[in-house]
Amino acid sequence: MFRFPRVLQRESSCRFFAKAARNAIALGLIFVTFQSATFAQEKFSGIGRTATSAEIKAWDIDVRPDFKGLPVGAGSVDKGQQIWESKCESCHGTFGESNEVFTPMVGGITQADIASGQVATLKRTDFPQRTTLMKLSQLSTLWDYINRAMPWNAPKSLTTDEVYAVTAYILNLGEIVPADFVLSDKNIRDVQAKLPNRNGMVKFSGLWDVDASADVKNTACMKNCFPATATEPQITSSMPDFALNQHGNLADQNRLIGGVRGMNTGGAAESSSNKLGNLASNQIAKNSAQNKDAAALESAELAKKYSCTSCHALNSKLVGPSYVDISRKYKGDGAAVAKLMAKIRNGGSGVWGLLPMPPHATVNDADLQALVQWSLSAGQ
Amino acid sequence: MAEELPTRDGSNDVSTGDHSQPAKPGRLLRAPEGFLSPAQIADVAAGRRDFLRNAFVSATGAATVLANMPARAASASDALSAQAAGDPNILELPEHSRGLGQGVATRGYGVPSVWERNLQRRESPGLTRVAAAGVSFTPLQGLFGIITPSGLHFERHHQGWWDIDPSKHRFMINGLVKNPKVYTMDDLMRLPSVSRMHFIECGANTGMEWGNVAVPTVQYSHGMMSCAEFTGVPLSVLLDDCGFDSINGKFILAEGADGSGMARTISMARALDDGMVAYAMNGEMLRPENGYPLRLVVPGVQGVSWVKWLRRIEVGDMPYATKDETLHYVDLMPDGTHRQYTSIQECKSVITSPSGGQKLIDKGFFNITGLAWSGRGKIRRVDVSTDGGKNWRTAKLETPILSKCWTRFNIGWNWDGSLTILQSRAIDETGYVQPTLNQLRAVRGRRSIYHNNAIQSWRVAETGEVANVQVS
């Protein structure tokens with residue numbers, strides 16, 4: 001091992017420290033200037049990058065109440081009707097009145113509302129539904145939403161002019177614009193000035209600012225809190241017995257141990273415990289029935305994933321036929337699987353009625369086959 | 001509650017003083033009605049020991065079964081000797097004490113016990129028409145503490161959920177900023193992170209109850225709500241990084257990457273205070289149903305603003321009047337106007353057990369437990385009434401007590417078997433006291449749908465059955 005001679009060693013270490021101190025000061029200064037320079041420009045070096053104008057254009061699609069962001073374009077009520085009938089009607093009804101998939105869009109407004117800017121039916125407690133046009137206070141809302149989200153199963157597929165057209169059509173259904181109207185970025189403000197509920201919104205800071213004060217006040221009484229006239233609490237509303245099992249058997253929705261159980265509101269409560277017992281004992285040795293259930297469950301998941309559920313239900317007709325009806329129709333038909341796979345992939349109408357099923361080009365073959373087989377076994 | 005095992009002659013059975021009665025083996029629990037069918041009860045009474053043994057295996061405990069039959073009716077000799085000797089769950093060693101269990105990593109990602117399968121996210125029939133624009137509710141009736149297991153976190157989608165490839169997900173900030181930027185998930189996960197526990201409550205939670213009692217259990221009345229630990233980057237850090245305009249930038253628009261392009265206006269004050277761009281929940285990445293790989297967290301503000309699959313934030317100088325702040329999430333007032341841009345979830349609480357649709361298994365002691373939360377800060381106090389609101393006792397708050405987070409409360413109660421009504425009432429650190437439903441209705445009417453934070457009433461019948469009721 002190499003050693004410095006003693007004296008030399010001491011000297012060198014002294015020099016070393018002196019030099020190090022000088023360097024430290026120098027380095028420190030440099031360090032400080034370096035730091036402040038980067039902080040001013042870029043605190044997180046190498047994180048993120050500037051968005052390109054094409055990227056911003058692709059994503060910045062929102063249209064504000066002052067119509068900032070609204071692209072140039074135009075569309076007629078007539079054109080809108082064509083789009084509506086091919087792309088919207090199946091879910092929203094011919095006149096936007098359908099209650100099947102979502103609440104009705106049109107209805108409940110009058111010419112008097114168009115004059116006043118506040119929809120009178122909103123005051124009525126007996127009016128069954130609040131339609132879109134009853135609530136709509138900003139026309140930008142309708143344009144922006146259709147542009148970003150509709151049709152529901154193919155959002156962002158409409159062209160700018162198509163969005164103008166179908167918006168014009170909805171406004172015409174509400175008799176806000178005439179049948180020969182062409183809605184455009186030039187005249188959209190004029191239509192805004194006719195919206196039946198344009199004056200119907202109020203701002204309430206109590207539920208917007210975290211520091212604002214509330215509109216409802218209670219006090220924390222601890223003893224004998226009823227007024228002198230009342231001794232008992234009066235029950236003003238409770239579940240009717242017949243409605244108790246509308247949410248299924250509550251016994252199956254609660255834990256099986258502890259201080260409480262779920263109430264048995266239908267079917268055998270015992271089944272829940274036994275079902276679980278069977279499941280527990282079969283955990284490892286899977287029995288075939290369970291596997292079949294699992295397969296069915298998976299297909300149900302698929303149907304949800306591909307939004308088949310937006311138009312088909314097990315037992316009831318929605319936009320399309322129920323799975324049970326489909327399975328009955330094709331019972332014993334050996335060619336059904338291939339036929340239906342092609343039908344779902346390409347879409348089409350005429351077998352069950354006039355409404356078309358849209359094409360499903362993106363579903364892969366394995367999933368499609370599972371879905372068809374599942375549909376065909378639904379009736380069993 | 002440990003009860004001494006009886007001596008062979010039942011001499012410690014002091015409750016009746018009747019030494020001729022069979023003694024209680026261990027703790028006897030009354031089972032809910034309908035646990036056994038009449039035919040099965042007859043079987044037991046007729047001494048069908050095999051049935052009894054099966055029941056021991058599949059039911060929650062022998063005591064439940066034994067307790068379900070009147071002691072005298074079960075006087076068949078087999079049943080009697082079983083009782084006299086003790087609890088078969090003790091006397092007959094179960095399989096798991098006599099065999100070999102399963103190995104590590106049998107499940108690469110563990111799942112709850114099969115016995116817990118009753119606790120599921122569930123839909124409320126008829127609430128929404130299609131599942132891809134629907135709601136599933138968290139089973140609050142079975143939760144403990146203040147963290148919602150990720151798989152039970154409530155869901156609300158407007159155009160279905162996706163499992164997005166995180167390597168392709170991009171997040172953009174534009175609008176009133178010096179430098180509009182794009183971030184990858186790599187970028188976001190390199191930034192300084194924070195982890196915070198917060199509740200998320202849908203603005204429409206308890207909305208079905210504005211008019212009348214509409215749903216049977218706390219899952220459906222209050223389960224559009226969960227609470228979790230979120231990890232991500234503070235929004236203030238990201239807005240700073242883009243050089244946002246702090247003078248004119250009074251609002252942000254948050255926008256999702258899903259088909260609905262969910263879009264919501266958030267005040268700059270909320271965004272800068274404790275807003276967060278989160279990628280993780282409860283120690284793992286977000287679940288797809290909750291916005292994987294990125295969602296907005298806006299503590300104290302209604303869930304719809306916590307935009308999932310977050311792709312963009314725009315800084316602006318006015319609110320955006322998007323579909324879900326003009327056509328929905330607006331509160332209808334009695335005069336026919338709508339309150340627009342209502343966001344804060346006010347102080348609220350609910351007893352989660354005993355709660356609607358449950359049945360107390362016996363008289364005696366119970367722990368009343370529930371949750372309290374406020375969009376304005378911490379919970380200061382929770383009072384509980386066991387007589388329909390006439391008298392109140394202050395419950396014990398479990399720690400931690402965090403801002404804009406669930407707080408768990410507990411309070412003991414000896415139920416004497418009589419008809420009564422349970423309520424809880426929370427007070428937050430601003431001093432605001434959770435209101436009654438009628439106080440809310442007096443100001444906001446009955447058709448507002450959103451922001452119902454009323455005191456909840458649960459009626460306990462003499463049978464032990466608990467029901468959702470409204471009182472005046």
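Just so it is clear: chains get the letters A, B, ... in the order the sequence lines come, proteins before strands, and each one is counted from 1. All figures in this text were calculated on a predicted structure; none of them were measured in a lab.
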Within a strict 4.5 Å, meaning less than it, do heavy atoms of the [X] and [Y] side chains meet?
X        : Y        : value
A/Trp208 : B/Ile344 : no
B/Thr394 : A/Met222 : yes
A/His247 : B/Arg122 : no
B/Ile421 : A/Ile235 : yes
A/Val260 : B/Gln141 : no
A/Leu207 : B/Ser343 : no
A/Lys135 : B/Thr326 : no

Gap separating the [atom1] atom of [X] from the [atom2] atom of [Y], nearest 0.5 angstrom:
X        : Y        : atom1 : atom2 : result
B/Leu191 : A/Phe44  : CG    : CZ    : 5.5 Å
B/Arg376 : A/Asp209 : CZ    : CG    : 8.5 Å
A/Arg255 : B/Trp115 : CZ    : CH2   : 14.0 Å
B/Ser472 : A/Phe226 : OG    : CZ    : 9.0 Å
B/Ser355 : A/Asn254 : OG    : CG    : 7.0 Å
A/Leu256 : B/Glu116 : CG    : CD    : 7.5 Å

If you tally heavy-atom pairs under 4.5 Å against chain B, which of [options] wins?
options                                : value
A/Ala149, A/Ala214, A/Gly69, A/Ala120  : A/Ala149
A/Val210, A/Leu250, A/Asn245           : A/Val210
A/Ser237, A/Pro155, A/Cys225           : A/Ser237
A/Gly200, A/Ala313, A/Gly259, A/Ser205 : A/Gly259

Pick one of side chain, backbone, both or neither for [X], based on which atoms fall under 4.5 Å of a heavy atom in chain A.
X        : value
B/Glu255 : side chain
B/Tyr341 : both
B/Val466 : backbone
B/Gln219 : side chain
B/Tyr320 : both
B/Arg381 : side chain
B/Ala257 : neither
B/Asp273 : neither
B/Thr184 : neither
B/Arg459 : side chain
B/Gln120 : neither
B/His451 : side chain
B/Leu238 : neither
B/Asp331 : side chain

Discussion item. Using heavy-atom distances under 4.5 Å, tell me whether A/Lys223 contacts chain B through its side chain, its backbone, both, or neither.
Written reply: both
Worksheet entry | Engaged part of A/Glu232 at the chain B interface, taking heavy atoms whose separation is under 4.5 Å | neither
For a quick test of reading the model, state the closest non-hydrogen atom pair linking [X] to [Y] and the distance between them.
X        : Y        : answer
B/Gly316 : A/Arg64  : CA-NH1, 4.4 Å
A/Ser238 : B/Val469 : CB-CG1, 3.8 Å
B/Arg312 : A/Ile61  : NH2-N, 4.0 Å
B/Ala321 : A/Pro65  : CB-CG, 3.6 Å
B/Gln439 : A/Lys217 : NE2-O, 3.6 Å
A/Val216 : B/Pro435 : CG1-CB, 3.6 Å

Item to complete: Considering only heavy atoms and a distance below 4.5 Å, find which of B/Val301, B/Thr322, B/Asp383, B/Leu188 pairs most often with chain A.
Response: B/Asp383
Response to the item:
Of B/Gly389, B/Gly175, B/Gly377, B/Gly431, the largest count of non-hydrogen pairs under 4.5 angstrom with chain A goes to B/Gly389
[Y]/[X] salt bridge by N-O under 4.0 Å criterion:
X        : Y        : value
B/Asp187 : A/Arg49  : no
A/Asp215 : B/Arg339 : yes
B/Arg117 : A/Asp252 : no

Worksheet entry | Residue pair A/Arg130 / B/His338, side-chain donor-acceptor N/O under 3.5 Å | yes
Discussion item. Can a side-chain donor-acceptor contact be found between B/Tyr220 and A/Gln253 if the only test is distance below 3.5 angstrom?
Written reply: yes
Fill in: Backbone of A/Trp152 reached by a side-chain donor or acceptor of B/Gln159 within 3.5 Å
yes
Worksheet item: Does atom NZ of A/Lys156 have more than 12 heavy-atom neighbours, drawn from other residues, nucleotides or ligands, at distances under 6.0 Å?
Response: yes
Worksheet item: Passes salt bridge (Lys or Arg N to Asp or Glu O under 4.0 Å), B/Asp335 versus A/Lys123? Steps please.
Response: CA-CA 6 Å; B/Asp335 67 356; A/Lys123 289 188 198 131; over 6 Å; no
Worksheet item: Given A/Ser137 and B/Gln340, is the side chain to side chain contact (heavy atoms under 4.5 Å, CB included) satisfied, shown in steps?
Response: CA-CA 10 Å; A/Ser137 58; B/Gln340 199 179 19; 4.3 Å; yes
